[in-house]
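Shown next, in C-alpha cells, is the structure this report addresses.
All heavy atoms count here, side chains included; hydrogens, waters and symmetry mates do not. All residue numbers in this chain count up from 1 along the given sequence.
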Amino acid sequence: MKKRFFLAALLVLLVLFGALFLLLAGDLLPFELPFEIPEISIELPFELPFDLPFNLPFLTQEEDTEIIEPVTIYRVASESAPEGGDLICEEILPQPEGDSLIDGVLALFSTESEDSNLACALPEGVTIEGWSLEKAVAALTFSESFLDLTEMDQTVTAFCAALTLCALDEVESVTILAGEQTVFSGLMPEDALLRDTDTDPYVRQLRLYFADGDGRYLISEYHSLTLDEDTSPERYVIEELLRGPNNGELQRAIPEGTELISCQTADGVCTVNLSEEFYVNRPDTASGERLAVYSIVNSLTSLSQVDSVVILVEGEALESYVYLSLTAPLTKYDEVIGPVSESHGEIDADLYLALPGLEDVAPLPFRVNLSDYQSQAEAVLQALLAAAEPGYPSLFSGSGTVTDLTVTNGACTISLSQSFFASLTEEARAAAIRSIAATLCALDEVNAVLFTIGGSEAIFDGTDWSGPWTAENLW
C-alpha cells in the first residue's frame, strides 16, 4: 500500500514539475520553441493529501455544488413596525424542502414571521384550500371566510399572495378565489400598491373593470391613484374607465367619445351623467351593451360608499339603451365578470335570452359550470333555465321542468313536464322554445332540437312546438 502511494505521489510531482517547466519555458529559454504549447487540463481521480502553495490552471478537481435560490414571502407590517413604512414588505427565506415548490412557499406564506416587524398576511380564520397552475396563471383558493373580510383586507391579502407566487419563475399572474367565487383575476406584481394608506390617505387602489380582448367578459384591473381633496374617488373611477386599461390584452368597454359631465353619490346611490356619445355610439349587441353598462356599475360599486348606480345621458334617464332600461339604479353583477376558469370546470357558452318585449332572443356569454357527470348540452340547458339576467324577462321560473335530455347523432331531444307551458302566454312560449333551441344549437354537438311532453309531441293549446328546430328555421 505504502509503495503504491509513493509511486502515485512521485508521478504527480513529475507531472507538476514538467508542466511548470513548460509554462515557464517561454520566459526562461533564450530562443522560441518551434511548437506551440497546448493548454493542459488534468482532472485527478483522487484528492491530493496536501495543499499546493500555488494555483495551477490545468489542475482541477470536480466539485458538485448545487446553488439553492432563496424564496421571497410577502408579509404585512406588524403593529410594532415603525410608522411611515411600507404596508406590504418582503421577507427572504431559505427555499423550502419538498417536491412542490409552490406548496412549500404557500406553507411559509401561511406561517408567522420570526421578524417582529412583519406579520402573516393571511388573516386569522382564513385558510388556503388549494391551488392550480395553468399556462403560468396560478389559481389560489381561500376558504369562504375570505369573503367576510373588508375590501381593504381582501386586497392586501390577495396582493401579498400574488406577489409571493409571482416571485416564482413558473407564475406570471394569480387569480384569487374564495369557495367557488372569483374575487380577483389576473393579479400581477406591477398592480400592487406598496404604500401605507394609513399614513398617506390620499393614495387609493381602485378595482376597475374593462372588456377582455374578445369582448365577452369584464376583467378587473387595479389602478393606483393619488386623490386630492377636491376630487371624489367616483370621478376618478369614471375618468380611468374612459382613459382605458393598462393591460394591452384588455379594452375599453365604454363607447368612444363619451365624456363625464358629473358624478356624485348620495345615500349609497352614485349618479353618473355622461355625454350624448354614450348613447350615440352605443354598441349594437346585447353583449356589448352589457359590458358598457356593467363596466361602469361594477367599477363604481367596488367603492365601499357605492351600493348602486344610476346612469344618465345629458341629464336624462334612458328607457332603452340598446335593450336595457337605465331608469332604475343598477347593482353589481358578477355573471359578466371573467375569465372562464377551465381548471375549475367552467366552459364558455352563449345563452340565448329573450329580449324585453319577447320579440326576439339574443346571445349573452356565460361561464357555465360543467360537472363530471354532465354533457355540455345538459350543463348549458341547466344554466339557461337558472339564468337571471338583469333587465331580461325570466321565462323559466315556475314553468315546470325538463325531465330528460338526450343527444343522438346531433339531434337533441328534450322531454318537458306537462306544466312547462302552463304559466306562459303564447308569445312567451315561442320565446322560450327559441331560447332553448338557439342555445343548444350553438353547441358543436347539437344540430337540431326536438321537444316532447310526456314522451309525445309537444302540443299545447293546439300549437305544435315539437320541431325539429335548427339554426336555420329559428329566425
Side-chain angles (χ1 to χ4, degrees), residues 204-228 230-266 268-303 305-333 335-338 355-356 362 364-365 389-392:
R204 291 287 298 274
Q205 188 177 49
L206 304 179
R207 187 194 310 179
L208 309 179
Y209 288 90
F210 296 95
D212 63 18
D214 296 324
R216 294 181 63 79
Y217 298 96
L218 293 178
I219 304 296
S220 65
E221 182 179 80
Y222 285 85
H223 286 210
S224 299
L225 301 174
T226 301
L227 307 180
D228 57 58
D230 299 326
T231 306
S232 68
E234 293 90 332
R235 173 173 284 274
Y236 267 115
V237 165
I238 302 300
E239 289 177 347
E240 286 296 297
L241 290 177
L242 294 176
R243 189 173 292 115
N246 297 326
N247 185 344
E249 295 182 359
L250 303 180
Q251 56 184 323
R252 166 179 157 153
I254 300 176
E256 289 294 331
T258 301
E259 296 181 0
L260 175 62
I261 298 175
S262 64
C263 182
Q264 57 186 4
T265 300
V269 180
C270 181
T271 302
V272 181
N273 189 16
L274 302 173
S275 66
E276 64 178 356
E277 287 80 6
F278 182 73
Y279 179 78
V280 173
N281 298 329
R282 67 191 183 280
D284 57 1
T285 63
S287 59
E289 172 189 48
R290 184 167 75 160
L291 294 179
V293 170
Y294 283 99
S295 172
I296 296 172
V297 174
N298 286 4
S299 297
L300 284 171
T301 52
S302 293
L303 301 173
Q305 65 268 32
V306 178
D307 299 319
S308 60
V309 178
V310 172
I311 300 176
L312 305 178
V313 176
E314 300 290 345
E316 299 292 332
L318 298 179
E319 288 289 344
S320 177
Y321 183 47
V322 180
Y323 302 112
L324 290 177
S325 171
L326 301 183
T327 56
L330 300 171
T331 58
K332 184 180 180 182
Y333 185 48
E335 291 294 342
V336 71
I337 300 173
L355 297 175
L364 287 171
E389 182 76 9
Y392 287 75

Exercise: identify the closest heavy-atom pair between [X] and [Y]:
{"X": "Asn273", "Y": "Gly315", "answer": "OD1-N, 2.7 Å"}
{"X": "Ala292", "Y": "Pro255", "answer": "CB-CD, 4.2 Å"}
{"X": "Gly391", "Y": "Pro356", "answer": "O-CG, 3.3 Å"}

Measuring from [X]:[atom1] to [Y]:[atom2], what's the distance to the nearest 0.5 Å?
{"X": "Leu208", "Y": "Ser295", "atom1": "CG", "atom2": "OG", "answer": "8.0 Å"}
{"X": "Tyr294", "Y": "Ser299", "atom1": "OH", "atom2": "OG", "answer": "13.0 Å"}
{"X": "Ile254", "Y": "Leu260", "atom1": "CD1", "atom2": "CG", "answer": "9.0 Å"}
{"X": "Leu291", "Y": "Ile296", "atom1": "CG", "atom2": "CD1", "answer": "11.5 Å"}
{"X": "Ile337", "Y": "Asn298", "atom1": "CD1", "atom2": "CG", "answer": "4.5 Å"}
{"X": "Ile238", "Y": "Cys270", "atom1": "CD1", "atom2": "SG", "answer": "6.5 Å"}

Not counting sequence neighbours, list each pair that qualifies as a salt bridge (Lys or Arg N to Asp or Glu O under 4.0 Å) and has a residue in [range].
{"range": "residues 277-297", "result": "Arg290-Glu389"}
{"range": "residues 309-327", "result": "none"}
{"range": "residues 209-218", "result": "Arg216-Asp348, Arg216-Asp350"}

Non-neighbouring partners of [X] that pass side chain to side chain contact (heavy atoms under 4.5 Å, CB included), sequence neighbours left out:
{"X": "Ala286", "result": "Tyr323, Ala362, Leu364, Tyr392"}
{"X": "Ala317", "result": "Leu312, Thr327"}
{"X": "Glu335", "result": "Tyr333, Phe366"}

Tell me which pairs pass side-chain hydrogen bond (donor to acceptor under 3.5 Å, both in side chains) where either residue lies in residues 248-265, with sequence neighbours left out.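 Those involving residues 248-265 are Glu234-Thr265.
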
If you define the side chain from C-beta out and look only at heavy atoms, does anything of Val309 sit under 4.5 Å from Thr301?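 Answer yes - side chains close enough.
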
Do the side chains of Leu324 and Leu318 get nearer than 4.5 Å, heavy atoms only?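 Not in contact.
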
Under the side-chain contact (heavy atoms from CB on, under 4.5 Å) rule, what do Leu241 and Phe210 come out as? Steps first, then yes or no, please. CA-CA 7 Å; Leu241 290 177; Phe210 296 95; 4.0 Å; yes

Partners meeting side chain to side chain donor-acceptor pair (under 3.5 Å) with [X] (sequence neighbours left out):
{"X": "Thr331", "answer": "none"}
{"X": "Ser320", "answer": "none"}
{"X": "Ser302", "answer": "none"}
{"X": "Asp307", "answer": "none"}

Using atom types as modelled and distance alone, determine if a side-chain donor or acceptor of Thr271 lies under 3.5 Å from a backbone N or O of Val310.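 No; judged by distance alone, with no hydrogens or angles, the pair does not exist.
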
Taking ring-ring contact (aromatic ring centres under 6.0 Å, His included) as the test, write out the residues that go with Tyr321, two or more places apart.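 Counting only residues at least two positions away or on another chain, Tyr321 forms a ring-ring contact (aromatic ring centres under 6.0 Å, His included) with Phe278.
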
